[in-house]
Participant: 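Here it is: the structure, laid out below.
In what follows, chains carry the letters A, B, and so on, assigned in the order in which the sequence lines appear, proteins first and then strands, with residues in each chain numbered from 1.
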Amino acid sequence: MKTSVIVFPGSNCDRDAAVALEAATGHPPAMVWHGDAELPNSDLIVLPGGFSYGDYLRSGAMAAHSPVMREVVKRAKGGTPVLGICNGFQVLTEARLLPGVLMRNATLKFICKDVYLKVERSDSMFTHRYVLGEVVRFPVAHKDGSYFADEDTLDRLEGEGRVAFRYCEASGAVTEVGNPNGSSRNIAGIYNETGTVLGLMPHPERLADPALSGTDGAKMFASLVEALP
Amino acid sequence: MKARITITLKQGVLDPQGKAIEGALHALGFGSVGNVRQGKYIEVEVDESDPAKARAAVERMCDQLLANTIIENYAYELEAA
Amino acid sequence: MKARITITLKQGVLDPQGKAIEGALHALGFGSVGNVRQGKYIEVEVDESDPAKARAAVERMCDQLLANTIIENYAYELEAA
Amino acid sequence: MNIVAKAARALKAPSRDIVAEHGLSPEEYRRLVDAIGREPSLTELGIFSVMWSEHCSYKSSRVWLKKLPTQGPQVIQGPGENAGVVDIGDGHAAVFKMESHNHPSYIEPYQGAATGVGGIMRDVFTMGARPIANMNALRFGAPDHPKTRHLVAGVVSGIGDYGNCMGVPTVGGETNFDPRYNDNILVNAMTVGLVDAKRIFRSAAKGVGLPVVYVGSKTGRDGIHGATMASAEFDEASEEKRPTVQVGDPFTEKLLLEACLELMATDTIVAIQDMGAAGLTSSSVEMADKGGVGIELELARVPTREEGMTAYEMMLSESQERMLMVLKPGVEVQAERVFKKWGLDFAVIGYTTDTGRLVVRHAGAVEADIPLAALAQAAPVYERPWTPKTPPAALDPHDVPAPNSLLDCLEIMLDSPHLASRRWIWEQYDHMVMADTVQRPGGDAAVVRVHGTQKGLAISCDVTPRYCAADPREGAKQAVAECWRNLTAAGADPLAITDCLNFGNPERPEIMGEFVGAIEGMAEACAALSFPVVSGNVSLYNETNGAAIPPTPAVGGVGLIPDIAQMATIALKRDGNLLLLLGAEHGQLGQSLYTQIMLERSHGAPPPVDLDTERRTGDLVRNLIREGAVSAVHDVSDGGLLVAIAEMALAGNQGVTLETAPDHLPAHALWFGEDQARYVVEAAPDKADAIHKAAALAEVPIRLLGRVGGDAIAITGETPLPLKTLRAVHEDWLPRFMAHG
Ligand SMILES: Nc1ncnc2c1ncn2[C@@H]1O[C@H](COP(=O)(O)OP(=O)(O)O)[C@@H](O)[C@H]1O
Ligand SMILES: [Mg+2]
């Protein structure tokens, strides 16, 4: 399985993503510099977390316009799976590969902690190793993670089964208490229409190693390895 | 020419920053303020003396990058630099 | 009355955001833009019909909270709400 | 009128006013004139003023700093470079340093703290290391002081935003509230980096005719005279100095980090030095002086972001995110390519020479021509008069009133600013990025894994200012000992420390006495614990209108855990396990949090530190951790034994039932005394024998404290205190305080 990690100026979870990918696939991913118009053939493209362009102006906005993103958009539209984590999710929305936007957290503060997520789909290439409705623990680390879309879009996302994860309490209850950032309808991650593009704010790559006090994130990479060639 | 661009959240989009500022103003004793909204202000110099062309350029910049039109509106003024 | 306040960095204060936006605009093909500066825009409704009083209130808000007068300047316009 | 405008009017010989505004005494000015044999130009005066400022020259502290032990088999680089370096085996080395950004953070907390973090990270990556962890040691004023909340909010978000954007985890720190910091908060930041021990970069520019290269951000008029500001006592007029605030640009620093590391992987750099306080001046002077060469700069080549900058302004600017390098000849193009790729400025601005002089030209005119020896070796060094402090007498615990209920008292203490959870702070810091944080904030030491290995670096920042205020010597000893203990409690071999010595005005003999006492105490502890100082920073003049801060010698320590599988945490693990105390009990309530919180007074001598006992006890605990004999470990510090137990219970979400305490001391002295050299450990019952034997062998007293289990803390004769109740108050204090703004 060939994977690529896109590196923007200011990306800082690129190495973390590479480590998790290598652990899952057995091969190091190609690290692709944002300025390169060439994107190697990939079975999976990962947009990592970080502060591309300092998150200045709006998180992800400037990265969404870098040369390599034109190619990423093309590949994504051609069916290549794309995983956007945290800043990568922000880039995907700014590039309009996913609907909605990620706004400043309701607390207005950066928030770094483990949160609970409810797995809303277990039949996607990203999540089939999870059980439907399972509660998993992933870390979040962001200041702009409050998912916002208009009501119609939210209804459509729900109707089409495109909500990937929702923030919840340890018990699985999807409540305001379990929502760390004020996201609409507790949405933590969403798919595109074809289920081949996933954007999520929490960091699966940060809990993919037993030494890091949990491995709930590893199942996402394992799912991908199984689903992809 | 110089463009002064203001970018504001659309009506109906939640503005936690504006709300927080409003709360802080109330706490400071400005009890009578309301409807506080926060946006962005951007100044850009465009090397273009034809106002129509400058306007077109500024609008393209806003649409493509400066504003996220899903949630934001923009307005601008031009002046000779 | 409604106040439209723009807050800008003082002359000489580094504006990392403006610098980065300028770079991004260049990369997008807006080669002729320069001197990009980013600031804040805040709208506040003041329950005060006397312009002089409203003005005094807005200035106090800016000085005390809205602007960081160590590094920022502010300007505002008032209009009947 | 500001200094620059005034100075620009001055002709050749600066007036007495201008000399004074540059922070030079008449005596120092005479020394300057002697050193160069004539009156200085304005640019030269500016250069001397920063080089001879307290901040750059360490003129009041230098003679004393020499007393600190700096050697050891693990030390690769001691004080004198941008950061210290210690060997951590397998060809790896840890690079670390701590620095203050106190005055800027008081003036503009967000930018002040942010640029402090940016500065200390540059110190570490200048050495060729990738920063892998940040720490921060914060002292704020009283919670009820009108400025405190604003300062806490600004400092914490400034530190967070900078480190978060850089992608370096901020893994721990410490936070105090004390009215004596009302007008002088302390913001000390520490960075730890990782480097290949064979590829360490230093600042000595050896070699003549080599290109001097400027990289990073453009130069603006930021913080001109920041370095002299940081060394000047505050007064009402300091408002005027406000424009000296600098704005941080973490995005550019991230690019600078990656670009520098990329270039460092090639064989092109002779010397490198970040432009920190006193920017171009101190970086060029230090590189040339250390390399024993001269340096010639052409300022017209310096990338600037403002029009019409003068030589004076360029030499004194403190614009952030800049570096100066001396390259091997002929590699300029290769180097430039790297910096252009990262979108950074790159300019050859001068050459090294064999003249031993700093020559600064600006568009043809010579603006400065100074022998380097005059700036460096001829800098003033003072042996300031000092009076030792007489420590208060020890407090007899029998004279200290008892509380009605120990558990009520515990609840009140954990609900106080001094012991409340710092979660509100560390959750604003990305403490997990880089995916190697194997022990997150909340314990005794943070632990970050050495990437790709099983080794871990334990890191802790410590000092107890109220001890230092009562007895600087014993307090400084305690700071070193507590740091050593925190590393030990995680299972690490303590390696070395960095320090940040925050004091008042050294021209006052009683302040100088505090400084001397603290140095002596630190030196003694470092020597006894084989815990040398490899880097550090001195921040003096932390006083406002004659009121000084308590002496605050902050210590940042690094230790090595050979295998993170053998790391200890403070969280209790299992029902039925035993809780044991290792270490002797004396019931020391002098300067304790018990007296401060419950009786609202601080008196008596701080707990004495017996370094031999520290070492023996710590070595025992570390061995027990490595042998797998204990399942949780926490040292006893602020608040004493019951507080330590409660923190372990909360961390593990496991209750405890405590045995009746021995009655040779009053119960509150046993449970809240702050005796040093103690650890609480959790162990499975079948390990108890072995632990007792090991303790006997090490001559360390041991006592069974109780048993793990249930969901409350239970003491004979009192209503058990549910963990839920305790957690609520412990977690709630700081968010509640910050919300009521
Ligand atoms: N400013 C801060 N930033 C990050 N972590 C902090 C800060 N202040 C305190 N902490 C964390 O809170 C915990 C408790 O701190 P402290 O009581 O000083 O520990 P100790 O007594 O073991 O030295 C530690 O894990 C420490 O790292
Ligand atoms: Mg401790």
Participant: If you check both backbone and side chains, which donor-acceptor pairs between chain C and chain B fall under 3.5 Å?
Facilitator:
{"residue": "C:Ser32", "atom": "O", "partner": "B:Asp47", "partner atom": "N", "Å": "3.3"}
{"residue": "C:Gly34", "atom": "N", "partner": "B:Glu45", "partner atom": "O", "Å": "2.9"}
{"residue": "C:Gly34", "atom": "O", "partner": "B:Glu45", "partner atom": "N", "Å": "2.9"}
{"residue": "C:Asn35", "atom": "ND2", "partner": "B:Glu45", "partner atom": "OE1", "Å": "3.3"}
{"residue": "C:Arg37", "atom": "N", "partner": "B:Glu43", "partner atom": "O", "Å": "2.9"}
{"residue": "C:Arg37", "atom": "O", "partner": "B:Glu43", "partner atom": "N", "Å": "2.8"}
{"residue": "C:Gly39", "atom": "N", "partner": "B:Tyr41", "partner atom": "O", "Å": "2.6"}
{"residue": "C:Gly39", "atom": "O", "partner": "B:Tyr41", "partner atom": "N", "Å": "3.1"}
{"residue": "C:Tyr41", "atom": "N", "partner": "B:Gly39", "partner atom": "O", "Å": "3.1"}
{"residue": "C:Tyr41", "atom": "O", "partner": "B:Gly39", "partner atom": "N", "Å": "2.6"}
{"residue": "C:Glu43", "atom": "N", "partner": "B:Arg37", "partner atom": "O", "Å": "2.9"}
{"residue": "C:Glu43", "atom": "O", "partner": "B:Arg37", "partner atom": "N", "Å": "3.0"}
{"residue": "C:Glu45", "atom": "N", "partner": "B:Gly34", "partner atom": "O", "Å": "2.9"}
{"residue": "C:Glu45", "atom": "O", "partner": "B:Gly34", "partner atom": "N", "Å": "2.9"}
{"residue": "C:Glu45", "atom": "OE1", "partner": "B:Asn35", "partner atom": "ND2", "Å": "3.2"}
{"residue": "C:Asp47", "atom": "N", "partner": "B:Ser32", "partner atom": "O", "Å": "3.3"}

Participant: Side chain to side chain contact (heavy atoms under 4.5 Å, CB included) with C:Pro16: which residues, sequence neighbours excluded?
Facilitator: A:Tyr56, C:Leu14, D:Val247, D:Asp249

Participant: Enter the distance from C:Leu25:CG to B:Leu65:CG here, rounded to the nearest 0.5 Å.
Facilitator: 5.5 Å

Participant: Between B:Leu66 and chain C, which part of the residue has a heavy atom less than 4.5 Å away: side chain, backbone, both or neither?
Facilitator: side chain

